[in-house]
Amino acid sequence: MAITDLDELVLSCRTEQAKTYIQEAVGSYRAGAYRACIVATWIAVIFDLVEKVRDLALGGDAEARAMIEKYERWQKQIEHGNSDAIRHSLNFERTLIDVTQEKFEFFEPQQLLELRRLREDRNRCAHPSYQRLDTPYRPSSELARLHLRNAVAFVLSQPPVQGKAAINALVSTVASDFFPRERAEAQTALLKAGLERPKDALVTALTDTLIYGLFDRATALFGRRQTLIGLGALHDLHPSLTESRLRRAVNRIARETNDKRIEFVFAVLSNIPVTANLLDADIKNKLGEFLRSAEVERVQAPITIALEFEGLRAPAEARLNSLSAKELIPIVQRSKSRAVVERAVALYCDVHQWVEANTVYDSCIEPLVPQLTADDFKAIIVAAVSGADLRGANSFHRLLTRIYSEQLMPRADLLSFLTDTGLAPEAAALEREADDDIPF
C-alpha cells in the first residue's frame with residue numbers, strides 16, 4: 001500500500017476523531033512496526049465504536065444509553081482503583097464488536113468475521129502468553145494492511161446508525177407527519193436520517209420495510225403517501241439495490257394481497273414507474289382484470305396510472321371508454337392523457353339535450369380544452385350537425401368563442417370549417433363578436 005493510499009484511507013474516515021484514532025496505526029505501518037499497527041488499529045476500532053454508541057445514546061436509543069452509562073461508571077471506578085471495574089471494562093472491550101452487532105447490527109456477517117480476526121491478531125500481538133514459541137508473533141505487512149483497510153471500511157468510515165437502529169430511525173422519519181412531500185427534499189431527509197453512506201444490507205432492508213409496510217395495516221407506514229414518497233426517494237438514491245427488492249416484493253404482494261388493497265400496487269407504479277417493468281405476466285393479467293371488472297369508484301385513480309404503461313394501457317382504455325360523463329370527472333381531474341381527451345370528446349359529441357351538453361362541457365371538456373387538437377374541435381363541430389344536441393347550447397357557443405379568441409386553431413380555418421359544415425350563422429356570430437370588442 002503506497003503512502004498516498006494510506007493518506008486516502010485516513011481521509012475516508014467519517015469524523016476527525018476517527019482520523020485521529022487511526023493515525024497512530026498508519027504511522028506504525030509506515031515505520032514497519034506491524035504488531036504496533038495491528039494493536040493501534042484495534043484501539044481505533046474500539047474508540048470509534050464507543051463514540052458511535054454514544055451518538056446513538058444521544059439520539060435517544062435506550063440500549064445505547066444503558067451501555068454508555070455502564071461504560072462511564074466503570075471509568076470513574078477505575079480512577080479509584082476498583083479492580084472489578086477494570087475487569088468489567090476489559091470485558092466490555094473484548095465483547096464490544098459482538099455486542100454492537102447484536103444490539104444495533106452495525107456489521108454484515110463477513111465484516112463481523114474480519115473484525116473478530118482483527119481482535120484475535122491484536123491479542124497475538126499484545127499478549128506474549130498467546131504464543132507457545134519463544135519468538136514473538138510477527139505479522140506480515142499484508143496482514144497489517146488488511147486490518148487497517150477493514151477497520152476504516154467497516155467501522156471508521158461508517159455512520160453510527162446501522163441495522164435495526166437504522167431501520168427504526170428511517171421508518172420513524174418516513175412515517176412522520178412532517179416528512180417532505182417533494183422527492184428531492186425526501187432524499188435529503190433520508191440522507192440525514194442515516195443513508196449518507198449506507199451498507200447495501202441497510203438499503204435493501206429499508207426497501208423491504210417500506211414496501212411491505214405500505215400494505216400492512218399493523219404498521220405506521222400503511223397506505224400513507226409519505227411511504228410512497230420515501231420509497232421513491234430511496235429508489236432515486238439507490239436504483240440498482242432497490243429494483244431487485246421491488247421486483248420480488250411487488251410481485252409477491254400483488255399475488256398474495258386481497259383485492260381491497262390492489263389499488264396500492266397502482267400507487268407504487270405511479271411513484272416508481274420502473275416498477276411496471278418488473279411485473280410478472282400473471283400480475284399484469286391480475287391488474288388488467290381489476291381494471292376491467294372492479295367497481296367504478298375503485299378504478300378511477302388506477303386507470304389514470306395504468307394509461308401510462310404499455311402492459312396495462314389496453315384494459316385501462318377499454319374501461320375508460322365505458323365510463324359515463326359523471327364517472328369520468330375524477331379521471332379528468334387527475335389526467336390529461338390522450339385517451340381521456342378522446343373519451344371526453346366522445347361523450348360531448350353524444351349529448352341529447354342542452355342541459356346535458358352544458359354539464360358534460362363544464363365537467364369534462366372545459367378542463368381539457370388546452371389538450372384538444374384541431375381534429376377534436378372539428379369532431380365536435382361535425383357532431384353538432386349530425387345528431388348531438390349541441391347547437392344552441394351555451395357551452396357550444398362558449399367553446400367556439402374560446403377557440404376563436406385564443407386561436408386554438410387558425411381563425412380562418414375555424415370560420416371556413418364552420419361554414420362548410422353548415423354552421424355559417426355561428427361563424428358570422430364569432431366575427432361579429434370580435435368586431436364588437438372594445439379595442440383597449
Side-chain angles (χ1 to χ4, degrees), residues 291 296-297 299-301 303-308 313-440:
L291 292 169
V296 169
E297 294 77 11
V299 300
Q300 286 166 326
I303 282 175
T304 65
I305 297 167
L307 288 171
E308 304 299 322
R313 187 173 298 124
E317 289 182 350
R319 187 61 185 275
L320 177 70
N321 290 332
S322 72
L323 299 182
S324 67
K326 183 178 180 180
E327 294 166 341
L328 190 66
I329 293 173
I331 297 177
V332 169
Q333 293 171 346
R334 295 174 59 97
S335 173
K336 303 296 185 287
S337 71
R338 185 61 201 164
V340 174
V341 170
E342 291 177 355
R343 180 55 181 164
V345 169
L347 288 167
Y348 192 55
C349 290
D350 193 42
V351 296
H352 301 294
Q353 52 182 302
W354 292 352
V355 172
E356 181 187 5
N358 295 337
T359 300
V360 173
Y361 178 84
D362 290 338
S363 61
C364 297
I365 295 296
E366 199 279 334
L368 297 174
V369 167
Q371 281 71 44
L372 268 59
T373 65
D375 287 340
D376 295 323
F377 296 136
K378 290 178 179 179
I380 293 172
I381 292 169
V382 169
V385 297
S386 61
D389 196 3
L390 292 173
R391 199 171 185 181
N394 174 265
S395 61
F396 185 62
H397 175 72
R398 283 190 285 137
L399 176 60
L400 294 180
T401 301
R402 184 170 179 184
I403 298 170
Y404 188 84
S405 62
E406 297 180 18
Q407 300 190 57
L408 300 178
M409 63 182 290
R411 289 180 176 177
D413 292 350
L414 174 61
L415 297 175
S416 175
F417 191 79
L418 286 169
T419 301
D420 293 345
T421 309
L423 298 177
E426 283 79 1
L430 290 176
E431 290 186 288
R432 185 168 55 253
E433 289 176 5
D435 292 338
D436 290 342
D437 286 344
I438 299 175
F440 57 84

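The first residue of the sequence shown is numbered 1, and numbering continues consecutively from there.
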Subject >> Derivation and outcome, side chain to side chain contact (heavy atoms under 4.5 Å, CB included), residues Leu414 and Ile381 >> reply: CA-CA 10 Å; Leu414 174 61; Ile381 292 169; 3.8 Å; yes
Original post:
Does some side-chain heavy atom of Ile380 sit less than 4.5 Å from a side-chain heavy atom of Tyr361?
Top reply: no
**OP:** Test side chain to side chain contact (heavy atoms under 4.5 Å, CB included) on Leu328 and Leu320 and set out the steps.
**Re:** CA-CA 8 Å; Leu328 190 66; Leu320 177 70; 3.5 Å; yes
Original post:
Which heavy-atom pair separates Ala393 from Ala357 by the least distance, and what is that distance?
Top reply: CB-CB, 4.0 Å
Original post:
Short question: side chain of Gln300, backbone of Glu327 - any donor-acceptor pair under 3.5 Å?
Top reply: yes
**OP:** Check step by step if side chain to side chain contact (heavy atoms under 4.5 Å, CB included) holds for Tyr348 and Leu399.
**Re:** CA-CA 12 Å; Tyr348 192 55; Leu399 176 60; 4.3 Å; yes
Subject >> Value rounded to 0.5 Å, distance of CD in Glu426 from OG1 in Thr421 >> reply: 10.0 Å
**OP:** Step by step, work out the salt bridge (Lys or Arg N to Asp or Glu O under 4.0 Å) result for Asp420 and Lys378.
**Re:** CA-CA 11 Å; Asp420 293 345; Lys378 290 178 179 179; over 6 Å; no
Original post:
What heavy-atom pair brings Asp376 and Gln371 nearest, and what distance separates the two atoms?
Top reply: OD2-O, 4.3 Å
Original post:
With no hydrogens and no angle check, is any side-chain donor or acceptor of Glu308 less than 3.5 Å from a backbone partner on Ile305?
Top reply: no
Subject >> Any donor-acceptor N/O pair, Glu406 side chain to Arg402 backbone, under 3.5 Å >> reply: no
Original post:
Is a side-chain N or O of Trp354 found less than 3.5 angstrom from the main chain of Ser395, in a donor-acceptor match?
Top reply: no
Subject >> Asp413 and Ser416: side chain donor to acceptor below 3.5 Å >> reply: no
Subject >> Atom NZ of Lys326 with >12 non-hydrogen neighbours under 6.0 angstrom >> reply: no
Original post:
Is Asp389 reaching over with its side chain to a backbone N or O of Val351, donor-acceptor style, under 3.5 angstrom?
Top reply: no
Subject >> Main-chain N/O of Asn321 paired to Arg343 side chain as donor or acceptor, under 3.5 Å >> reply: yes
Original post:
Below 4.0 angstrom, N of the basic side chain to O of the carboxylate: do Arg398 and Asp362 qualify?
Top reply: yes
Original post:
What distance do Leu430 atom CG and Leu423 atom CG have between them, rounded to the nearest 0.5 Å?
Top reply: 10.0 Å
Subject >> Residues Val369, Leu408; criterion side chain to side chain contact (heavy atoms under 4.5 Å, CB included); working and verdict >> reply: CA-CA 9 Å; Val369 167; Leu408 300 178; 3.5 Å; yes
Original post:
Is there a donor-acceptor pair under 3.5 Å between the side chain of Ser335 and the backbone N or O of Ser337?
Top reply: yes
**OP:** State, yes or no, whether a side-chain contact exists between Leu323 and Ile303 at a heavy-atom distance under 4.5 Å.
**Re:** yes
Subject >> Side chain Asp350, main chain Ala346, donor-acceptor under 3.5 Å >> reply: no
